[in-house]
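If you read the sequence from its start, that first residue is 1, and numbering goes on from there. Note that the coordinates shown come from a computational prediction; the quantities given were computed from them, not determined experimentally. Just follow the structure's listing: the first ligand is 1, and inside any ligand the first atom is 1.
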Amino acid sequence: MFHSRVLFSLYTLLQLWTKATGVDDRQFPSNFKFGVATASYQVEGAWDEDGKGENIWDHLTHTTPDLIYDGSNGDIACDSYHKLEEDLALIKDLGVDFYRLSLSWSRILPTGHIDGQINEAGVAYYEDILTKLQENDIQAMVTLYHWDLPQPLQEHMGGWLNDTIVDVYGNYARLAFDLFGDKVQYWATFNEPHVVCQQGYESGRKAPAITKAPGIDLYTCAHMVLKSHAKAYHIYDSEYRATQKGKISIVLNTNWYEPVSDDEKDLEAAERNGQFSFGWFANPIVHGNYPQVMIDRIGERSEKEGFDKSRLPEFTSQEIEDIKGTYDFIGLNHYTTSLAEWIEDYEIGEPSSNKDISVKGSLDDSWESSASSWLKVVPWGIRKLTKWIKDTYNNPEIIITENGFSDNGDTLDDPRRINYYREYLSSLLEAIYDDGVNVTAYTAWSLMDNFEWLQGYSEKFGFYSVNFSDPDRPRTPKTSVKYYKTVLETRCLVEECVE
Ligand code: GAL
């Protein structure tokens, strides 16, 4: 009797606490899916084994290690190439509905070209993962391009600046559909083209770290990426969809841009920021062309700068037709929110994409921080963002393809990561039930700590900790594993959900 009373009051306390912290007590829809993600260069290692070719991240980390915070690279990373069984056990243990992974293009096609040799060992590796996932009833979400372009395509062709890449990528995509498509439920053509182009070809914060022509190269890159995406989409649509029955789209990243005030100008600035970030890619695939605000502003500035045409390339009407509608869902990588403030346009001078946007960005000091300078914990941002996507892009199906929190991995106890997931998922429930946003799946980043690009191994996003100083790269669960498992089992964020 006493026992049950104590339990009862504990339960009541918990309910009260949940209410006080505002965690949503509704259950995720029964067909809602949960997953977890990794990406090839960040986890695989085996950078030159079994016939794999060099890619732009191998090249960048080997030639300019100073660019990487701890001078590290992905040569071994989590050694996932040799630890398939072990990784699979972790994935199974989490109880996810699907696993999001990416293919290393140069592990399959060492030169990047289809008429170079196909690397059978690389094909076998992915074949093996996908077969095992299938055997375990775990769906596969496969990204064709998570930033690791075969180096020969960079060196001999100029990477994403050369029109030829569209066909080269199309051939790679067809090969991947052909080889693996019977085991893949979701395809993503590209991961975060904004990062590929803005950081790869302007800020230099990602490979190939080219900074030669600010305000120009990034737009050319995006143009090629969009055409390549459309190419792969149509190949899948016309040659594979009927038999393989998967879905295909692209993964776009964006912050939520919160206006600093209710002033009309700040509202406009925040909207403009979203258009230059997410709209740059979403507008073409949904509506057929770049956002009008990009066409207008880049056009006007280019003219004043003395260019004879806009630095933003133009699609032909045929290309617009080809690109429009090339999505079965929208893949959304979202981590954080920033503030947007109206400012006078930057003066005409050397071009840059920042000047094209001319919005002042900042972070609110009161927002909880993480180990990544850019990542603040702002759970309500995911609700506002998904509602904005619903309203701006014809209420598409949205899959959250990444969301997660970084710390420095000092301890296996990671309550702040648990809190991040709880709060973001709670806000997502509000988006689903109160705003009618069509979010059908959620992917946590990441399965395990891994190579975090220029931050090396200093920022950790994993559910499982990896000991990078041990040659065996042992994985150990953090406290958040238990939390995510419970969410997945109960489809619920509180002790007991309302039906
Ligand atoms: C994303 C990226 C991932 C991962 C994550 C955390 O932009 O797709 O590869 O690094 O950020 O920073």
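Screening Phe281, Trp388, Tyr327 for a ring-ring contact (aromatic ring centres under 6.0 Å, His included) with Tyr393, the sole residue that qualifies is Trp388. Of the options Thr38, Val36, Thr143, a side-chain contact (heavy atoms from CB on, under 4.5 Å) to Arg100 is made by Thr143 and by none of the others. None of Arg383, Lys387, Lys390 except one satisfies the salt bridge (charged side-chain N to carboxylate O under 4.0 Å, His left out) rule with Asp435; the exception is Arg383. When each of Pro351, Cys197, Ser353 is tested with Tyr219 by the rule side-chain contact (heavy atoms from CB on, under 4.5 Å), just one qualifies, namely Ser353.
Within 4.0 Å of ligand 1, heavy atoms belong to protein residues Gln42, His146, Trp147, Asn191, Glu192, Asn333, Tyr335, Trp374, Glu402, Trp445, Glu452, Trp453, Phe461.
Under 3.5 Å, the side chains of Ser469 and Asn467 contain a donor-acceptor pair of N or O atoms.
Annotation: cation-pi geometry satisfied between Arg107 and Tyr81 (NZ/CZ under 6.0 angstrom from ring centroid, within 45° of ring axis).
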